[in-house]
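Following: one structure in structure tokens, then a few remarks.
Since the model is a prediction, treat every value here as computed from it, not as a measurement. For this chain, numbers begin at 1 and follow the sequence in order.
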Amino acid sequence: MNEWESGRHDRATEVRNLIDEMQMDSGMTEGCFSSLGMLINDASLAADESALRAAHDGLRRLYGHLGPQEENSDLKSAGQRGRLLGQIDITFWALRRLPSGLQLNLDPHGHAARFLTAIAHEPGLSNEQLAERLQVDITEISRVGRKLLSSGVAWKGKQWRHNVWSITPRGVTCLEQAGLMEPQGSVAD
């Protein structure tokens, strides 16, 4: 069991520690920005709201500590400002795209739940294959697929001229919370 699974570390704490490190003189290194970007990406994929909030709030605080932008500011400072603003935007939109009510209102017999369950068990299904398996019209698959895509629980790719679908980590969590899938992290003792 690693330190993340044991609860000794969580993503939000790691984000806060990294931002605190960045606040120190010469702390805004390439490595810190890369590490923070990875943590933000992982938090977004895992729908980890506390880590995203910690990143967003910490980045805004860090940006505010830079002081007013001066005309004679150096390129390094301008680059840091730009990267901070970019990561602030990313965390803002990641927070906005967190699934709100979908997991709570997921009808186990509805098209969305059946769609997600199908792509969880068999990633790479096309619209046509999903329509056949779910016994619905292709337009219904497109409509449900758009809803799931915008909620961040499914990914759509292209294989030749056909859409292919896979479930995101957020989608797996959604199915687990709805009781439609066994928790992935459960390990038999």
Side-chain angles (χ1 to χ4, degrees), residues 1-20 22 32-63 83-125 130 134 141-157 163-187:
M1 180 182 307
N2 66 33
E3 63 183 8
W4 288 92
E5 292 168 344
S6 69
R8 288 193 311 253
H9 251 92
D10 67 359
R11 199 176 285 114
T13 301
E14 194 68 27
V15 165
R16 283 187 209 96
N17 291 342
L18 188 54
I19 289 175
D20 288 346
M22 291 173 76
C32 284
F33 277 113
S34 293
S35 296
L36 188 57
M38 180 193 66
L39 285 168
I40 291 168
N41 186 54
D42 289 349
S44 181
L45 289 172
D48 186 344
E49 184 174 359
S50 64
L52 289 170
R53 287 226 178 275
H56 187 70
D57 295 344
L59 286 164
R60 288 181 58 185
R61 186 183 71 243
L62 188 57
Y63 185 79
R83 290 188 85 173
L84 286 172
L85 286 173
Q87 288 187 332
I88 289 169
D89 284 346
I90 289 168
T91 56
F92 172 80
W93 287 107
L95 285 164
R96 293 277 312 258
R97 291 184 58 89
L98 286 175
S100 53
L102 181 64
Q103 64 220 31
L104 302 174
N105 298 326
L106 193 62
D107 175 9
H109 304 292
H111 296 311
R114 293 174 51 221
F115 187 116
L116 275 179
T117 303
I119 63 174
H121 293 302
E122 199 175 341
L125 290 174
L130 280 163
L134 303 180
I141 293 298
S142 293
R143 186 188 66 75
V144 171
R146 282 191 306 274
K147 177 182 175 185
L148 297 175
L149 186 65
S150 71
S151 296
V153 296
W155 279 323
K156 177 175 69 171
N163 290 337
V164 290
W165 294 92
S166 60
I167 194 164
T168 66
R170 191 178 295 168
V172 171
T173 301
C174 181
L175 286 178
E176 289 172 355
Q177 290 176 347
L180 297 172
M181 177 182 261
E182 289 295 316
Q184 300 292 321
S186 65
V187 179

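Nearest approach of S166 to P123, heavy atoms of both residues: CB-CB, 4.2 Å. Of all heavy-atom pairs spanning I40 and A55, the tightest one is CG1-CB, 4.0 Å. Listed here is the closest heavy atom pair of H109 and R114: O-CD, 3.4 Å. The two atoms that bring L59 and L84 nearest to each other are CD2-CD2, 3.6 Å, heavy atoms only. Shortest non-hydrogen contact noted between L116 and C174 is CD1-SG, 4.4 Å. Nearest heavy-atom pair across L180 and P108 is CD2-CB, 3.8 Å.
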Review point. For I119 and L130, what are the C-alpha separation, side-chain angles and deciding distance, and is it a side chain to side chain contact (heavy atoms under 4.5 Å, CB included)?
Key: CA-CA 8 Å; I119 63 174; L130 280 163; 4.1 Å; yes
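Here CD1 of I88 is found 15.0 Å from CH2 of W93. Values are rounded to the nearest 0.5 Å. Rounding to the nearest 0.5 angstrom, the gap separating the OG atom in S34 from the CG atom in L39 is 11.0 Å. Note that CZ of R83 is 9.5 Å distant from CG of L36, once rounded to the nearest 0.5 Å. Note that OG of S44 is 8.5 Å distant from CG of L95, once rounded to the nearest 0.5 Å. The NE2 atom of H121 lies 7.5 Å from the CG atom of L175; values are rounded to the nearest 0.5 Å.
Not a single donor-acceptor pair under 3.5 Å links the side chain of S35 to the backbone N or O of C32. Put simply, the side chain of Q87 never gets that close to the backbone of H56: no donor and acceptor are under 3.5 Å apart.
The residues R61 and D20 are annotated as salt-bridged, a charged nitrogen and a carboxylate oxygen being separated by less than 4.0 angstrom.
If you check the side chains of D10 and T13, you find a donor sitting under 3.5 Å from an acceptor.
Checked against salt bridge (charged side-chain N to carboxylate O under 4.0 Å, His left out), R60 has no partners two or more places apart in sequence or in another chain. In terms of the side-chain hydrogen bond (donor to acceptor under 3.5 Å, both in side chains) criterion, R146 has no residue partners (sequence neighbours excluded). By the side-chain contact (heavy atoms from CB on, under 4.5 Å) test, A43 pairs with R11, D48, A51, L52, sequence neighbours left out.
When side chains are defined from C-beta on, T117 does not count as touching M181, because their heavy atoms never get closer than 4.5 Å.
Note on ring orientation: taking the six-membered ring where Trp is involved, the planes of F115 and W165 are perpendicular (angle over 60°, cut-offs 30° and 60°).
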